[in-house]
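Keep in mind that this is a model prediction, so the values were computed, not measured. Just so we're on the same page: letters track the sequence lines, and every chain starts at 1.
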Amino acid sequence: MLWSRLVVMILVLLLSGSIQAQGSDAVRPAGGWPGLKGDKCIQPTDWMRKNHMEFLKQRREVTVREGVRIRDESLLQCQTCHTSRQAFCDRCHQYVGVHPDCFDCHIYPK
Amino acid sequence: MTMDRRTVLGLGGAVAAGAILLAPGVRLIAAPNKTEASGAQRWAMLIDVNHCTAACTACTDACRTENNVPLFGDPKRDIHWIRKVEVQDEEGRRPPLSLPVLCNHCEHPPCVHVCPTEASFIRKDGIVLVDKHRCIGCRYCMIACPYKARSLVYFQVDVDKASNPRVPVRGKGVVEKCTFCVHRVDDGQQPACVEACQAAGEGAMLFGDLNDPQSEIAQRVRTLKTETIRADLGLKPHVHYQGL
Amino acid sequence: MQLSDFTTIEGRSFGYWALMGVLGLFVLLGAGAFLYVEIMGHGVTNMNNQVVWGAPHVFAIALLVMASGALNLASMATVFGASHYKQFRRFSAFLAIALLAGGLIVLLLDLGRPERLLLTMIHMNFGSMFTWNVFLYSGFMVLCFLYLWAMMEHEKWVKVAGSSAFAGRLILTTGTGSIFGVIQAREVFHSAITAPTFIAVSLSSGTAICLLLLMATYRQTGREMDEKLVHGMRNMMVFFLLAVAYLMVVEKFTKSYSPAFYEVEAWIMTGPYALLYWGGVVTLGILLPLVILFNPGWSNTRGGITTAALCAVLGEVAFVAHVLIAGQSYPLDLFPGYNISSPFLDGQSASYSPAAVEYMLGFGGVALAGILYLLGIRFFRLLPDKAVAPEGWHPWSP
């Protein structure tokens, strides 16, 4: 379980470019994502699609360690647009077979 | 408190962030949008033992609610960020004291010194934190801390609907402790225990910026006789006690 | 000593495979224990918020301490010119690697989050004894490999490699002892003499494990070893046991002049861990082996020497267990001179008895070291067919 997670992580790192591009295209519902509000994310959508994991990791680092808090961009604010984690995050993550453990601890507000 | 300084510090970033982020026509609201821990501050706590009563658990209860700290029903493995300690002289001549003990947010924190991955670290404003994303669960910090401020998460804890969303719950196998309610402090609020003590309890706890000479805590620490726990260890704790 | 004198063992006997099988089973049990703890959380162990390092750490640190001591036999030949131990150099260096690997794996697998281990390589805190130990352990292993390589291929590098490995082992055990010695909060083991005591204990237990394995290996493979070599190693053990006793006495003597230590010392000697201290550390670890080895009758028999060496090894485990478990169980003194109590069990001696999974994990590490040793003597030419002693050399005898 533990090592499988590690192996998956390494594979994803190696194949990140192609998998992400294919994954998000293939899994995107025809009529757009359900439960989405607003016109745009805090970064351009295409960029977020490819880089949200690095972006979140970098923000996590500066928030925890430097105390940098940008109110409108905190993790708790994601839900103002991405109203459903199941429909938005989990769906794609399941498709590409990654299991980020952010929300094992963090609470995705409803 | 030090809201003024914080507002000023945050304003630059807030204006910049606001200009980029907010839709045209939306005005910046009153609270600063961006804040950052700064060395200009030194957060500290002062506990007036004379006002702390044995029966009162307002601070510990508030901490559990605010920070989603669970009780497993196993006293040897329960997580305690703050606890009430009964202190009795060995001859039993004086009445026992009851006082809360929490992480002392030392200036020279031994937990930070021993942490192999820098998961335990001290923020610029003096708050000692555990970066739970980085903790490997070696528990050396628990060996090193003289205040027994830390707990290892022995059991899986799941996200609960009743949990406070501002504080993540915990992953098992990492070490955690009091954060001085850093999420509240960064929002210009008081730690939950202090707020509860002032509201429901006896007003024994005071929180503030020691570097701000105008703050109540700085004035009281300067003028009254206050002590820290195990000052002899030279760690310069920043939880001060009055009337020990 | 000619290269051709060294041979591998055949390793086809029933006994060899049976031993491999038993050790393999223990390794599997250890692996199972690791996965179980990993999935269920440390709640399935008996560790708690007072005793955060339990039996796995006792096993691990006992193996690590013994590992650096196991190199001593090689150092005697390379650094101190006792050329009659030259024939055991390879064995000694290889055993050090095997024990180190066994101990290290237990230490790593008991982490709360072992999958994050690589973080120690990415974010290093050079103020931490643990970070230093990461380098010391891996560095010591590399030095032992270089030493082995020099012994097998390039005799001219032996002096350099062997001396570096000797320095490495001293620093390594200082590092291991300092994990505890530098911790100001813990009165039981906070002392500058903790690290030197660890070195002395590593020498006595390392020599003892070498002696035990050499006697067993030579007997089981029908090889010959001159009794004088056994007696020489026995005498080393006597010397090292006396060194352990000396350092412990100095520590207690010094503390007896500081009334601040009376409470903790009284607790060590009469408290819940008094049996471990008097029975394990003092009697089993020091007195009993010394009594046996100074007895003219017992000290010249294989049985007596084996018993004394076993005592020294068990005494080392007891010493490490006492430092760890008693060291953590002694309550932190938040308010010196006052009695304290709280829901977090402040002011109470902790109670701890290891769970089965902890033993499984620990014995898994021991078994892994054993398997590595068995593979080593099977595939590398580590030991001479016939271990001989120089003609005119007569080791002291009681």
Given that the side chain runs from C-beta out, which part of [X] has a heavy atom under 4.5 Å from chain A: side chain, backbone, both or neither?
X: Val167(B); value: backbone
X: Gln156(B); value: neither
X: Asn68(B); value: side chain
X: Arg134(B); value: side chain

**Report entry** Greatest number of heavy atom pairs closer than 4.5 Å to chain B - which of Glu61(A), Glu66(A), Arg60(A), Lys57(A)
**Finding:**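 Top option by heavy-atom pairs under 4.5 Å: Arg60(A).
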
**Report entry** Side chain Asn33(B), main chain Asp72(A), donor-acceptor under 3.5 Å
**Finding:** yes

Query raised in the report: Does the side chain of Ile70(A) come within less than 4.5 Å of Glu36(B)'s, by heavy atoms?
Result: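 The answer is no; the side chains never approach within 4.5 Å.
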
Query raised in the report: Does some side-chain heavy atom of Leu76(A) sit less than 4.5 Å from a side-chain heavy atom of Pro165(B)?
Result: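 Yes - at least one pair of side-chain heavy atoms lies under 4.5 Å apart.
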
[X] to [Y] - nearest heavy-atom pair and separation:
X: Arg123(B); Y: Val64(A); answer: CD-O, 4.1 Å
X: Val68(A); Y: Lys34(B); answer: CG1-CE, 3.6 Å
X: Ile107(A); Y: Ser163(B); answer: CD1-CB, 3.3 Å
X: Gly171(B); Y: Cys105(A); answer: N-SG, 3.2 Å

Requested in this report: Name the option with the most non-hydrogen atom pairs under 4.5 Å to chain A; the candidates are His183(B), Arg170(B), His133(B), Glu118(B).
Outcome: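 Greatest number of close heavy-atom pairs with chain A: His133(B).
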
Query raised in the report: Salt bridge check: are Arg71(A) and Asp187(B) linked by an N-O gap of less than 4.0 Å?
Result: yes

Query - Test side-chain contact (heavy atoms from CB on, under 4.5 Å) applied to Lys172(B) and Asp104(A), step by step - result: CA-CA 10 Å; Lys172(B) 65 177 186 298; Asp104(A) 289 357; over 6 Å; no

